[in-house]
There are 2 protein chains.
Amino acid sequence: MDADEAVETIQREMTVFARRARASAGRMHPELSLVSYTLLGHLEESGGCRATDLAAHYALDKSTVSRQVAALERARLIERRLDADDHRVQVLHLTHAGREILAQVTDSRRAAFRERLEDWPAEDLERFASCLVRYNAWVRPDGANSSD
Amino acid sequence: MDADEAVETIQREMTVFARRARASAGRMHPELSLVSYTLLGHLEESGGCRATDLAAHYALDKSTVSRQVAALERARLIERRLDADDHRVQVLHLTHAGREILAQVTDSRRAAFRERLEDWPAEDLERFASCLVRYNAWVRPDGANSSD
DNA sequence: CCCTCTAGTTGTACAGTACAACTCGAAGGG
DNA sequence: CCCTTCGAGTTGTACTGTACAACTAGAGGG
């Protein structure tokens, strides 16, 4: 396999993966879509943030985030706390239930990945991981990237 | 980085990629969604096939394929030819325009991938490619996989 | 000739998304 | 102190991709 073939293969396989990913994530965890999972994860990591921050960070429209947030609140996975200083702002926090579901989905996702990768030599895992990091970290020369 | 960390990283980066992929593919080629592109590509490779074959191959519902096909036909990118032997069957073929658009999108996708990967050493490209192939080729032990 | 199987279409529903128009509160300049 | 402008969020609307269920129409075996 030469470099050009390798690029072709990467293209093809990334396309296959992209097409499958959401649906299979959804099948794996009907209770928490990939988007909700990501947003919940961000709230966990950040320890609470504004809807606008989520929108900016994930390059989503604020209306999209607004509705996601509304759904997550309806499901009692997050709660909104009005910012005392700026009454336009709602700071989003995980509820106990949210933290639990997130942990549970994280665990089961981790288990699925471990299972899928269990036969890989450690060396290959490390290389694959660093390739993916490098691939995702790429920024378009014109700087028009959406962030993750 | 040890193996467990590597698995975590792979999980995280694949998730990031999955979330971004469709949207960015759509932005890249507003004229041909990732699904349409994939279906057109399959018709090119197979030299014409039935809607049912597409549905089976990509684990899509036949109604989904039916509507995709209808849209592609409306756009004059494919045409349906009634099978002479079995009048239930429509064999789908690329039109000239379809072949052209497909080639054009394939080229521009290829260019985008090349650009994104241009600084990678050939050795890394080959390793990344084979990791992806291996990753996507995995079949769940219970055999309940959807095909690509 | 009926029964059943298969290919495909259509009705309906839902998730995720964007854009545009809106409300409400904040902040700064006359 | 008002007025304009800005930022955060919500809501109306629309579109895409998707699935499931109900249907039509052709094929093929008893």
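Just so it is clear, the model here is predicted, and its values are computed rather than measured. In what follows, every chain begins at residue 1, and chains take the letters A, B, ... in the order their sequences are listed. FYI, side chains are in, hydrogens and waters are out, and symmetry mates aren't considered; it's all heavy atoms of this structure.
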Original post:
What residues, two or more places apart in sequence or in another chain, satisfy salt bridge (Lys or Arg N to Asp or Glu O under 4.0 Å) together with Glu45(B)?
Top reply: none
Original post:
Which comes earlier along DNA chain C counting from the 5' end, the contact point of Asp85(A) or that of Leu34(A), where each point is its nearest nucleotide?
Top reply: Leu34(A)
Original post:
Which whole-number value in Å describes the distance from Leu54(B) CG to dA19(D) C1'?
Top reply: 17 Å
Original post:
Gln68(A) CD to dA15(C) C1': how many Å, rounded?
Top reply: 8 Å
**OP:** Carefully, step by step, assess Arg134(B) and Asp124(A) under the rule salt bridge (Lys or Arg N to Asp or Glu O under 4.0 Å).
**Re:** CA-CA 11 Å; Arg134(B) 176 137 64 123; Asp124(A) 289 5; 2.5 Å; yes
Original post:
To the nearest Å, how far apart are Leu39(A) CG and dG16(C) P?
Top reply: 10 Å
Original post:
Is any NZ, NE, NH1 or NH2 atom of the basic residue among Glu123(B) and Arg127(B) found under 4.0 Å from an Asp or Glu carboxylate oxygen of the other?
Top reply: yes
Subject >> NZ or CZ of Arg116(B) within 45° of Tyr135(A) ring axis and under 6.0 Å >> reply: yes
**OP:** For Glu73(B) and dG8(C), give me the distance from atom CD to atom C1', rounded to whole Å.
**Re:** 13 Å
Subject >> Cation-pi, Tyr37(B) ring and Arg109(B) (6.0 angstrom, 45 degrees) >> reply: yes
Subject >> Under 4.0 Å protein heavy-atom contact, by nucleotide of nucleotides 6-12 of chain D - B base, S sugar-phosphate only >> reply: -BSBBBB
Original post:
With His42(A), which residues qualify under ring-ring contact (aromatic ring centres under 6.0 Å, His included), at least two apart?
Top reply: His57(A), Tyr58(A)
Subject >> Nearest-Å distance for atom pair CD/C1', residues Glu31(A) and dC14(C) >> reply: 17 Å
Original post:
Once you round it to whole Å, what is the distance between P of dA27(C) and NE2 of His87(A)?
Top reply: 11 Å
